[in-house]
Amino acid sequence: MSGPLIITISRRPGAGGVEIAQRLARRLSAVYIDKKTVARAKDGYDAVLQASEDKTAGSGFWKILGQTPILYDLESYIPEIRSIVSDAPVCEDEEAILRDLAGEGPAVILGRAGFHRFRDHPRAVHVFLGAHRDVRLANYVQLYKLSREDAEELLTATEQATERYIRKISGRDMLDLRNYDLAMDVGVIDFNR
């Protein structure tokens with residue numbers, strides 16, 4: 001197998017995907033790519049990428065784009081409320097943007113139907129993170145400082161929108177474990193492991 005290592009991480013809302021993906025990217029000295037990174041590229045930085053001679057992390061592109069801050073510890077992590085995935089038409093350029101952002105080195109791609117978009121990549125590993133709904137709901141309550149009722153409403157809406165998005169991109173059910181090489185229940189595995 002040749003080519004850079006690509007790890008795609010799909011997850012149920014509230015399963016800690018951001019924390020785990022960022023920690024993994026830091027540990028592997030890999031590029032971290034998520035929805036925000038793709039959105040920034042789509043909003044104009046893709047022109048910089050096209051003009052860049054060097055697509056590695058030290059290039060002018062990465063200095064301009066900047067990466068989402070990598071977590072040092074979960075105690076200091078205060079996430080913004082996760083936006084609901086849009087049902088708007090999917091960006092036609094998103095797959096090309098993801099591939100350009102992944103570049104020549106290792107990359108950790110959170111969400112964006114990565115398991116589907118990198119299905120033919122020779123060194124892609126597709127990971128799924130899940131947990132019992134009660135665990136994920138407790139994470140929403142704690143991280144977003146929401147009432148249980150508000151967290152329940154947000155979690156349900158986010159789950160439904162995420163599943164629609166994945167079906168729209170891939171034509172597959174995101175909960176079909178045949179999409180992934182590795183599936184983990186983060187409710188029984190400590191993040192630090």
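Both backbone and side-chain heavy atoms feed into the values below; hydrogens, waters and symmetry mates do not. Computed from a predicted structure; not experimentally measured.
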Requested in this report: Decide, yes or no, whether a salt bridge links R12 with E163 under the criterion of side-chain N to carboxylate O below 4.0 Å.
Outcome: yes
**Report entry** Whether N179 side chain and D173 backbone form a donor-acceptor pair below 3.5 Å
**Finding:** yes
Report task. Please report the closest heavy-atom contact between P4 and P106, naming both atoms and the distance. Result -> CB-N, 4.2 Å
Query raised in the report: Tell me, do I169 and R117 make a side-chain contact under 4.5 Å, heavy atoms counted?
Result: yes
Requested in this report: Return the set of residues passing side chain to side chain donor-acceptor pair (under 3.5 Å) with Q160 (not counting sequence neighbours), or none when no residue passes.
Outcome: none
**Report entry** Sequence neighbours excluded, every pair satisfying ring-ring contact (aromatic ring centres under 6.0 Å, His included) that has a member inside residues 4-24
**Finding:** none
Query raised in the report: Please walk me through it: do F118 and R99 pass side chain to side chain contact (heavy atoms under 4.5 Å, CB included)?
Result: CA-CA 8 Å; F118 289 87; R99 291 185 181 278; 3.8 Å; yes
Query raised in the report: Can you tell if the side chain of L155 reaches within under 4.5 Å of the side chain of R133, non-hydrogen atoms only?
Result: yes
Requested in this report: Verify the distance criterion only: is there a donor paired with an acceptor across the side chains of R167 and T162 at less than 3.5 Å?
Outcome: no
Query - Partners meeting salt bridge (charged side-chain N to carboxylate O under 4.0 Å, His left out) with D176 (sequence neighbours left out) - result: R172, R178
Query raised in the report: Which heavy-atom pair separates A131 from G187 by the least distance, and what is that distance?
Result: CB-N, 3.8 Å
Query raised in the report: Hey, any chance V188 and M184 share a hydrophobic cluster, counting ILVMFWY side chains that come within less than 4.5 Å of each other, even indirectly?
Result: yes
Report summary line: Correct closest heavy-atom pair for I33 and A107 would be CD1-CB, 4.3 Å
Query raised in the report: Is any side-chain N of the basic residue among E19 and R23 closer than 4.0 Å to the acidic one's carboxylate O?
Result: no
Query raised in the report: What's the verdict on side chain to side chain donor-acceptor pair (under 3.5 Å) for R112 and Y165, showing C-alpha distance, side-chain angles and the deciding distance?
Result: CA-CA 9 Å; R112 315 318 305 150; Y165 173 82; 2.9 Å; yes
Report task. Check whether any side-chain heavy atom of D150 sits under 4.5 Å from a side-chain heavy atom of Y140, and report yes or no. Result -> no
**Report entry** Non-hydrogen side-chain atoms of L110 and V18 separated by less than 4.5 Å
**Finding:** yes
Report summary line: Separation between CG (L154) and OG1 (T158), nearest 0.5 Å, reads 4.0 Å
Query raised in the report: Do any N or O atoms from the side chain of R119 and from the backbone of H116 form a donor-acceptor pair under 3.5 angstrom?
Result: yes
Query raised in the report: In terms of heavy-atom contacts, does CZ of R148 have more than 12 from other residues, nucleotides or ligands at under 6.0 Å?
Result: no
Requested in this report: Output, in order, the C-alpha distance, side-chain angles, deciding distance and verdict of side chain to side chain contact (heavy atoms under 4.5 Å, CB included) for F115 and I166.
Outcome: CA-CA 10 Å; F115 74 89; I166 295 299; 3.8 Å; yes
Query raised in the report: Just one of D181, I109, I9 clears the side-chain contact (heavy atoms from CB on, under 4.5 Å) bar with H126, so which one?
Result: D181
Report summary line: Scanning both residues in full, the closest heavy-atom pair of Q142 with K145 reads O-NZ, 3.0 Å
Query - Validation row: D185, L129 side chains within 4.5 angstrom (heavy atoms) - result: no
Report summary line: Interatomic distance, NZ@K35 vs CD@E94, rounded to 0.5 Å, equals 10.0 Å
Query raised in the report: Is there side-chain contact between F128 and L177, with at least one heavy-atom pair below 4.5 Å?
Result: yes
Requested in this report: Going by the side-chain contact (heavy atoms from CB on, under 4.5 Å) test, name the single residue among L5, T8, I6 that passes it with H121.
Outcome: I6
Report summary line: Rounded to the nearest 0.5 angstrom, the CG-CD distance for D100 and E95 is 11.0 Å
**Report entry** ILVMFWY network linking V127 to L28, side-chain heavy atoms under 4.5 angstrom
**Finding:** yes
Requested in this report: Let me see the working for Y180 and V125 under side chain to side chain contact (heavy atoms under 4.5 Å, CB included), right down to the final yes or no.
Outcome: CA-CA 8 Å; Y180 312 103; V125 177; over 6 Å; no
Query raised in the report: Would you say L143 and V141 are hydrophobically clustered, going by side-chain heavy atoms of ILVMFWY under 4.5 Å?
Result: no
**Report entry** Any V31 side-chain heavy atom under 4.5 Å of L101 side chain
**Finding:** no
Requested in this report: Determine whether R136 and E159 make a side-chain contact, defined as any pair of heavy atoms from C-beta on separated by less than 4.5 Å.
Outcome: yes
